[in-house]
Trainee: 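Quick one: the structure is below, questions incoming.
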Amino acid sequence: MAFVVRSGRLVGPLRNYLRPVALANRCISTSNKKDETAVVTEKIASHKPGDESHVDVVATPARKKWMNYGFSATDETEDIATTHLVSFFGITVAIVGTVLAYMYGPDHALRDWAQREAYLLVREREAMGLPHIDPNYTDESTIVLPSEEELGDFEIII
Amino acid sequence: MLKFLFIAVSLFSLTGHWGVLISFLLVISFVWGLSMENFNLGIVGLAQLDLLSYLLGFLSVWITALMLMMSLSVKVSKNFPAVFSGLSVGMLFFLLMSFGTSDLIIFYISFEATLIPIFLLVMGWGYQPERVSASLYLLFYTLAASLPLLLSILWVGSEEMSLDYTFFWKARSTSVLLFWGMVLAFLVKLPVYFGHVWLPKAHVEAPVAGSMILAGVLLKLGGYGLVRVFPYLESKLSESSSLLMSVSVVGGVLASLICIRQTDCKSLVAYSSVAHMALVLLGVVTNTFLGVAGAVVIMISHGLCSSGLFSLVGMIYERLGTRSLVLIRGLISMAPISSMWWFLFSVSNMAAPPTPNLLGEIYLFIVSLGWWSGTVLLVGLLSFMAGAYNLYLFITTQHGGEISSLSLMSDFSFREHIVLFFHMGPFILLFPFLSHFFS
């Protein structure tokens, strides 16, 4: 309780820390001003090997260079597509999905049920005056052991 | 189980488009991951019988996806990529069948059937001429040891009314021949020390993908078979347990001692697989719940960790053209980002916290000490040597000055990072999952 009251008093000083952070974060757009002109660079060669036509820089905007993801040495589309497929299905679907299913799934392996059942049985047995767990799993009177003659030389390993 | 088999068969149509095939496999692993409703014995929901089948099936699909991601050089060099991916999918089909079935004879058929794809992968896409001999060793060791298994299964089938696992909980058998007939095949597959000769050969000669699936899943077929078959052979198991325990523990120590003397990275990781599988045998032979739990945890975590180590070695081999520990030096300065993965996998292989390897080893320590307190020396030595050879691997490859003729190497691409992340991510995520299931 004291903790709640004391931590409430932190709000005031906390504002003093947040204010300069908020002031430093100046959200100003850095796009080109209206009188600025764009700088034109050399002609950019296209990515596919053997493709001799060069891209016309003035007509098309500058492309990001293809950073090879390792899935294809020659085909950019296949490389990027495979990267996206593998990342999505491997991480988002397989890993995250399985973990989600495990954490939020219904009572799997019946653990919660077993706990509830245990408490119910304990209550029943206490009401009847029985011990919680009987040392004998089955009723002793139902067990029929073979006699010594029937056993003969049979080796009993315990 | 049929649903998964149909899905696996449909993957054959995608063998031309690797990106789509890999994504499909990842989706299948997700679907398999969802089917965790009930882990009781008996065919409920989809394919799995119980937790062990479920985990190993998940591992199979996951490692198949990762091995295809790693094998892009097969596609680039146009080295029969459709056949390669077809063999991988065929292997997955038979693996899912062997882990999903509840019948011993179907398990045997699919156990043997997985030999054909791995034989063809090692023979067809391996790197050196020695791959011919290596693939023949792999095939004939397993085949010769599993012929008694076939005879034993047929004999059990004629004695019992069914070959279903659900009828095996009664320890009915007292025959020595039957015991060794059934167990020998799995001992060679695991492999334990005396039947381990095929493993370093096969791993060194296999392509990266072949090594990944071999170490990741195929060795676990041996452990899985033992877990399924031991309840039936319980009385003979208690008589032979001292022999099997000593073979597993001493064999593991010997394998780890041999491991530290290797000059080939892949051979080193292969011998570390022998040592880890010796631990699995240790756990299963003690015939306790915690022993089997430790064995299962080690199987799953070794599957991911060993597969990751083979991928790492494969990535270095693709760049430098060598696997020799004499020549691969100074990677921490040549490819520093890869050093992070080298560190994580080396450290996981030596059972450092918070990896599930540690969880499995702790369970197995408890169980082996309970079996006989004298095993503390040998299991402790096994664990110590694991630390030793993994540290040796890391320090030799990463530290030191690079060989000047091999000093030009690119760091890992996105594909390689994501393959290693897919090994490591589930590995770390599995720790709470497995400890929760076996607590």
Side-chain angles (χ1 to χ4, degrees), chain A residues 47-50 64-115 117-118 137-138 143 146 151-158, chain B residues 17-40 45 50-51 58 61-62 65-66 68-70 72-73 75-77 171 174 234-239 315 410 412-419 421-422 425-426 428-430 432-433 436-437 439:
Chain A
H47 293 288
K48 289 197 170 32
K64 240 164 81 168
K65 271 203 192 320
W66 167 37
M67 184 180 80
N68 191 310
Y69 289 102
F71 284 101
S72 168
T74 48
D75 188 359
E76 182 190 351
T77 320
E78 188 186 334
D79 188 40
I80 295 181
T82 314
T83 306
H84 289 166
L85 274 176
V86 165
S87 309
F88 175 70
F89 286 113
I91 302 178
T92 312
V93 173
I95 296 181
V96 174
T98 309
V99 172
L100 265 177
Y102 173 66
M103 298 302 295
Y104 289 99
D107 178 29
H108 73 86
L110 295 173
R111 281 195 175 242
D112 299 337
W113 173 86
Q115 187 124 59
E117 186 70 13
Y137 187 67
T138 51
I143 297 175
L151 273 177
D153 282 332
F154 192 78
E155 199 187 323
I156 301 175
I157 308 166
I158 295 175
Chain B
H17 318 279
W18 279 40
V20 178
L21 178 60
I22 294 166
S23 317
F24 210 73
L25 283 167
L26 294 168
V27 168
I28 290 174
S29 71
F30 170 63
V31 172
W32 186 284
L34 284 183
S35 58
M36 56 172 84
E37 283 306 304
N38 203 343
F39 290 123
N40 298 327
D50 58 2
L51 183 64
F58 202 122
V61 185
W62 196 248
L66 295 177
L68 286 171
M69 265 199 262
M70 267 305 293
L72 238 66
S73 58
K75 191 165 169 245
V76 163
S77 55
T174 51
E234 235 165 28
S235 52
K236 267 296 164 254
L237 174 61
S238 53
E239 287 176 26
M315 291 167 195
S410 61
F412 285 179
S413 63
F414 177 84
R415 170 181 67 95
E416 288 157 332
H417 281 302
I418 210 167
V419 162
F421 173 74
F422 282 164
I428 299 295
L429 287 170
L430 271 174
F433 183 80
H436 180 236
F437 271 118
S439 59

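Please read all numbers here as calculations on a predicted model, not as lab measurements. Values below: all heavy atoms of this structure, side chains included; hydrogens, waters and symmetry mates excluded. Within every chain, numbering begins at 1; the chains are lettered A, B, ... in the order of the sequence lines, protein sequences first and strands thereafter.
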Trainee: For chain A, which of B:P426, B:S23, B:S238, B:S29 has the most heavy-atom pairs under 4.5 Å?
Mentor: B:S23
Trainee: Taking atom CD of B:E239 as the centre, report whether more than 12 heavy atoms of other residues, nucleotides or ligands fall under 6.0 Å from it.
Mentor: yes
Trainee: Indicate yes or no: at least one non-hydrogen side-chain atom of B:F422 is less than 4.5 angstrom from one of A:I91.
Mentor: yes
Trainee: Go through the structure and list residues passing side-chain hydrogen bond (donor to acceptor under 3.5 Å, both in side chains) with B:S413, not counting sequence neighbours.
Mentor: B:E416
Trainee: Would you indicate whether the side-chain heavy atoms of B:W62 and A:I95 approach each other to under 4.5 Å?
Mentor: yes
Trainee: How long is the straight-line distance from CG of B:L26 back to OG1 of A:T92, given to the nearest 0.5 Å?
Mentor: 11.0 Å
Trainee: Which is it for B:F414 and A:F71 under the side-chain contact (heavy atoms from CB on, under 4.5 Å) test, yes or no, and what are the steps along the way?
Mentor: CA-CA 8 Å; B:F414 177 84; A:F71 284 101; 4.1 Å; yes
Trainee: Relative to chain A, which segment of B:F412 carries a heavy atom at a distance below 4.5 Å: side chain, backbone, both, or neither?
Mentor: neither
Trainee: Using non-hydrogen atoms and a 4.5 Å limit, figure out which bit of A:V86 sits close to chain B: side chain, backbone, both or neither.
Mentor: both
Trainee: ring-ring contact (aromatic ring centres under 6.0 Å, His included) with B:F421: which residues, sequence neighbours excluded?
Mentor: none
Trainee: Which distance, rounded to the nearest 0.5 Å, do you find between the CD1 of B:I22 and the CZ of A:F89?
Mentor: 12.5 Å
